[in-house]
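All values below were derived from every heavy atom in this structure, side-chain atoms included, with hydrogens, water molecules and symmetry-related copies excluded. Naming convention: chains lettered A, B, ... in sequence-line order (proteins, then strands); numbering from 1 in each chain.
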2 protein chains.
Amino acid sequence: MNNELEILSLKEKFHRFGYKYTDQRQLVLDVLSEHPDLHLSSDDICEYLKQKKIKMGQSTVYRTLLILEKMKIVRKMDLNDGFTRYELCDHEEEHAHHHLICSKCGSVTDIKGDLLNNLEQQIYRSYGFKINDHILKFFGECRNCLDKNS
Amino acid sequence: MNNELEILSLKEKFHRFGYKYTDQRQLVLDVLSEHPDLHLSSDDICEYLKQKKIKMGQSTVYRTLLILEKMKIVRKMDLNDGFTRYELCDHEEEHAHHHLICSKCGSVTDIKGDLLNNLEQQIYRSYGFKINDHILKFFGECRNCLDKNS
DNA sequence: GTTGGTGCAAAATCTTTGCATCTGG
DNA sequence: CCAGATGCAAAGATTTTGCACCAAC
């Protein structure tokens with residue numbers, strides 16, 4: 001899943017932040033990389049680890065996710081279902097990307113690309129509010145579910 | 001806080017939904033109306049009730065908020081601080097309004113007006129996703145905090 | 001060898017639920 | 001009167017924490 005170069009730079013990154021590079025931290029990252037399309041909760045990650053016959057305390061998973069968030073390797077998000085979820089950051093993008101959440105089937109589609117630049121400038125002019133980041137979620141019905149209806 | 005006509009129509013509204021109109025439900029609505037600018041959690045509401053020397057079980061507050069949400073009198077939201085919060089719905093607006101959340105002082109400013117219509121049409125064309133509602137939060141620094149810096 | 005990390009269990013939070021009692025209609 | 005509402009305490013669910021032991025560096 002990760003080549004040697006990536007692991008090396010990852011190790012360095014942990015060290016730059018004053019953290020140790022441990023098997024457990026790598027394993028959590030592995031699970032996240034293996035499911036880039038899903039938005040996993042702590043519990044989901046524990047389940048995937050179990051499936052892979054890996055025994056890890058769930059407090060380690062929680063603590064690892066907090067660290068990965070501080071290191072800006074993952075981003076915390078939620079789908080308005082009450083669960084805190086995590087997704088790998090895409091370092092191409094300056095801000096959080098957006099999500100299309102289907103109310104019928106529950107599918108989540110990521111929208112890449114920042115669609116809010118104009119809006120943010122407009123808000124700065126109107127409200128004097130300097131925006132650093134945003135969260136935008138759309139709820140509705142995805143193409144598949146719309147097709148099934150008709 | 002509410003005049004007689006408003007209370008009458010409120011009572012009817014409860015009945016239309018098959019709910020009873022009780023003192024407790026009115027009191028929760030009172031607290032919400034008295035703090036239209038704040039975004040109160042269940043716990044906040046219990047605190048305000050205590051301040052007003054009103055004794056109400058917190059499960060009643062939780063259950064009341066669920067009912068008010070079903071009746072579309074309040075909307076659930078959060079400020080990414082882990083607390084579920086509620087705000088009164090504005091029936092002028094079709095969709096949820098947006099929020100400017102200051103990372104320095106924690107102030108929250110509501111943005112009225114739907115700024116996303118064009119974007120939603122664009123998303124329907126690109127993704128075939130039919131949008132019913134959205135959540136948009138901006139994080140940054142508010143005018144007051146920016147002024148203090150300089 | 002230090003310092004930080006892990007695992008387990010206990011604790012802390014927030015929210016929901018069961019049940020006896022009460023109350024609006 | 002009766003269905004639904006309330007209050008309390010217990011139970012659930014998720015997340016955090018304390019501490020003994022372990023591992024990275």
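A:L136 belongs to a hydrophobic cluster with A:L100, A:I111, A:L115, A:L116, A:L119, A:I123, A:Y127, A:F129, A:I131, A:F138, B:L100, B:I111, B:L115, B:L116, B:L119, B:I123, B:Y127, B:F129, B:I131, B:L136, B:F138, counting contacts under 4.5 Å between side-chain heavy atoms of Ile, Leu, Val, Met, Phe, Trp and Tyr, direct or through other members. With a 4.5 Å cut-off between side-chain heavy atoms of Ile, Leu, Val, Met, Phe, Trp and Tyr, the cluster of B:Y124 takes in A:L146.
A salt bridge is absent between A:E141 and A:K148; no separation between the charged side-chain nitrogens and carboxylate oxygens falls under 4.0 Å.
Rounded to an integer number of Å, the gap from B:D81 CG to C:dC14 P is 10 Å. The CD1-C1' distance, from B:I45 to C:dC14, rounds to 14 Å in whole Å. In this structure, the CG atom of B:D44 is 13 Å from the C1' atom of C:dC14, given to the nearest Å. What separates CD of A:Q26 from C1' of C:dG5 is a distance of 16 Å, to the nearest Å. For the pair B:E69 CD and C:dT16 P, the interatomic distance rounds to 10 Å; values are reported in whole Å. Between the CD atom of A:Q24 and the C1' atom of C:dC8 there is a distance of 14 Å, rounded to whole Å. The CZ atom of B:R16 sits 15 Å away from the P atom of C:dG25 (whole-angstrom rounding). Residue B:K70 contributes atom NZ, which lies 13 Å from atom C1' of D:dG4 at whole-angstrom precision.
Under a hydrophobic clustering in which Ile, Leu, Val, Met, Phe, Trp and Tyr are joined whenever their side-chain heavy atoms come within less than 4.5 Å, directly or via other members, A:Y19 and A:L32 fall into the same cluster.
A ring-centre distance under 6.0 Å is found for A:H35 and A:Y48.
Closest approach of A:L65 and A:V28 over heavy atoms only: CD2-CG1, 4.1 Å.
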* Under 4.0 Å protein heavy-atom contact, by nucleotide of nucleotides 11-17 of chain D - B base, S sugar-phosphate only -> ---SBBB
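With a 6.0 Å radius and a threshold of 12 heavy atoms from other residues, nucleotides or ligands, A:K55 has its NZ atom at or below the threshold.
Residues satisfying the salt bridge (charged side-chain N to carboxylate O under 4.0 Å, His left out) criterion with A:K50, sequence neighbours excluded, are A:E47. Among residues two or more places apart in sequence or in another chain, the salt bridge (charged side-chain N to carboxylate O under 4.0 Å, His left out) test is passed with B:D37 by none.
The nearest heavy atom of DNA chain D to B:K55 and to B:R25 marks one nucleotide each, and the one closer to the 5' end goes with B:R25.
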Nucleotides 22-25 of chain D: which of its N/O atoms have a protein N/O under 3.5 Å away?
residue: D:dA24; atom: N3; partner: A:K20; partner atom: NZ; Å: 3.3
residue: D:dC25; atom: OP1; partner: A:H15; partner atom: NE2; Å: 2.5
residue: D:dC25; atom: OP1; partner: A:Y21; partner atom: N; Å: 3.4

